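Because the structure is a prediction, the values reported are computed rather than measured.
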Amino acid sequence: HAEGTIPIVSRVHTLSIHIRNKEAYNSVFLFLRDELQLPVVYGELWNELKDGERIYCGFSAGNLLLEPCGPFPEQFYTSLDFKARFYGLTFETSGALLDGVAELDKRGITHAEPSVYTILTDKRLCRPNAIVSIMEAKDKTTDQRSLPVLRSSLRAKAGGPLGIEGVEEIVVGYKNDEDLKAWRTFLEPTEPVEKDLWRLKDGPAVRLIRSDSMEVKGIVLKVRSLEKAKRYLQERDLLGESTNSQAELNKHQTCGITLAVVE
């Protein structure tokens, strides 16, 4: 890459979870609140909602905000066979939002008109099952969604029963070499630390894997003790496949989203 390239993004800030209906939203909300015991940053259970309204809530995963939201009946999904799915990846810009937008233009990455967020419209980065956007960094001290606040709220709960320290990585599927090249261009000047794994400051790493669909495949949570985490998952009937270095959560219990834990 060119010397002196200004980074567009500093870290991943939010990962949204699209839900299909009230039942799915409440299932995800209760799973994150009661099983994983992540701190609720904003939002509540869906009780009353007028037709056509949407609901949003946020949970702190330490270095990432998880945001169940929906429903989005007008949204085109390549498959409707889901209760809940990871959908939107929002990155914080490394400087002012408009500087990030100017940098996108320089790199030939198409995007919508900037507002509070700028949604990327580049087909190589976003398929119908993923939306990538950028936003300006949140106020470091007062905003409830800023990184220090997310971190301290998870620490105050000692990471919950799993001992979660944060999100180790977000796994994103890409289809072909052109997609991979576009991701590399977007993340410059950050270089991958190993094959197709980018570590971003303060936030989760982004791991790209070749796949038949361009979407967020899952997240990997870092826990203090894998052994303790596995024990808790087993007791709660939440344990899926596991190895010596990683445990997956049972997808029947996670409303369909893919979660794994590592030490």
Side-chain angles (χ1 to χ4, degrees), residues 9 11-21 23-33 35-36 38 41 43 54-72 75-92 117 119-120 125-135 145 150 162 164 166-175 179 183 186-187 196-198 200 203-222 238 240 246-262:
V9 298
R11 68 183 198 91
V12 183
H13 180 274
T14 305
L15 176 57
S16 73
I17 301 169
H18 276 202
I19 51 90
R20 292 296 301 284
N21 51 34
E23 180 206 10
Y25 172 89
N26 284 345
S27 296
V28 174
F29 186 96
L30 292 170
F31 171 74
L32 295 174
R33 188 192 71 180
E35 300 290 356
L36 299 193
L38 295 177
V41 182
R54 277 184 197 146
I55 192 162
Y56 290 83
C57 65
F59 287 85
S60 166
N63 57 352
L64 181 72
L65 184 74
L66 290 174
E67 187 179 67
C69 55
F72 297 89
Q75 185 72 54
F76 174 76
Y77 301 104
T78 50
S79 163
L80 294 178
D81 182 26
F82 71 92
K83 269 170 65 170
R85 64 175 311 140
F86 289 125
Y87 193 80
L89 256 188
T90 302
F91 290 82
E92 272 188 4
Y117 294 78
I119 291 175
L120 308 190
L125 292 174
C126 332
R127 292 291 189 269
N129 288 329
I131 276 189
V132 180
S133 60
I134 59 175
M135 68 174 208
R145 295 165 296 172
L150 292 180
L162 282 175
I164 296 167
V167 179
E168 181 70 15
E169 58 186 55
I170 298 172
V171 183
V172 180
Y174 70 91
K175 275 190 167 176
D179 293 341
W183 272 104
F186 174 60
L187 295 171
D196 303 340
L197 178 78
W198 283 258
L200 299 173
V206 174
R207 183 182 293 280
L208 294 173
I209 61 166
R210 197 178 274 268
S211 163
D212 56 1
S213 60
M214 178 52 137
E215 62 187 345
V216 178
K217 297 297 207 179
I219 61 174
V220 180
L221 299 163
K222 183 172 170 48
L238 285 167
Q246 176 172 309
E248 278 192 18
L249 275 67
N250 177 344
K251 270 179 95 164
H252 296 297
Q253 305 278 54
T254 65
C255 314
I257 56 177
T258 300
L259 297 163
V261 294
V262 296

Heavy atoms of A130 and E215 approach each other most closely as CB-CA, 3.9 Å
Applying side-chain contact (heavy atoms from CB on, under 4.5 Å) to W183 and V132, what does each step give before you reach the verdict? CA-CA 11 Å; W183 272 104; V132 180; 3.9 Å; yes
Q.
Any non-hydrogen side-chain atom of I119 less than 4.5 Å from a side-chain atom of S133?
A. yes
Candidate pair L150 and N63, rule side-chain contact (heavy atoms from CB on, under 4.5 Å), full reasoning = CA-CA 7 Å; L150 292 180; N63 57 352; over 6 Å; no
Do Q253 and E35 have side chains that approach each other closer than 4.5 Å (heavy atoms only, starting at C-beta)? no
Margin query: Determine whether the aromatic ring centres of residues Y87 and F72 are separated by less than 6.0 angstrom.
Written below: no
query = Are the side chains of L66 and V167 in touch, meaning some heavy atoms are under 4.5 Å apart?
reply = no
When K251, K217, R85 are each screened for side chain to side chain contact (heavy atoms under 4.5 Å, CB included) with T258, the one that passes is K251
Centre of F59's six-membered ring, under 6.0 Å away, within 45 degrees of the axis: is that where NZ or CZ of R33 sits? no
So CZ of F91 and CE of M135: to nearest 0.5 Å the spacing works out to 11.5 Å
What one should report as the nearest heavy-atom pair of S211 and G173 is CB-CA, 3.9 Å
In short, F86 meets G218 closest at the heavy-atom pair CE1-CA, 3.8 Å
The reported gap from CG in L15 to CG in L89 (rounded to nearest 0.5 angstrom) is 5.5 Å
Residues E67 and T14: closest non-hydrogen pair is CB-CG2, 3.9 Å
* Are the side chains of D196 and Y174 in touch, meaning some heavy atoms are under 4.5 Å apart? -> yes
Rounded to the nearest 0.5 Å, the CG atom of L249 sits from the CG atom of L162 at a distance of 7.0 Å
The reported gap from CG in L80 to CD in Q75 (rounded to nearest 0.5 angstrom) is 11.0 Å
Would you check if I219 and P204 make a side-chain contact, meaning some heavy-atom pair closer than 4.5 Å? no
Correct closest heavy-atom pair for I17 and A84 would be CG2-CB, 4.0 Å
Correct closest heavy-atom pair for P68 and L32 would be CG-CD1, 3.9 Å
Below 30° counts as parallel, above 60° as perpendicular, anything between as tilted: where do the rings of Y77 and F82 land?
perpendicular
Residue set satisfying salt bridge (charged side-chain N to carboxylate O under 4.0 Å, His left out) with E168, at least two apart, ordered chain then number -> R199
As a quick check of understanding, evaluate side-chain contact (heavy atoms from CB on, under 4.5 Å) for Y56 and S16, giving each step before the final call.
CA-CA 9 Å; Y56 290 83; S16 73; over 6 Å; no
dist T78:OG1 -> N129:CG (nearest 0.5 Å) comes out at 3.0 Å
Check: So do R210 and K175 actually touch side chain to side chain, heavy atoms under 4.5 Å?
Finding: no
State, with a plain yes or no, whether a side-chain heavy atom of L36 is found less than 4.5 Å away from one of L259. yes
When rounded to the nearest 0.5 Å, the distance separating NZ of K83 from CD1 of I19 is 11.5 Å
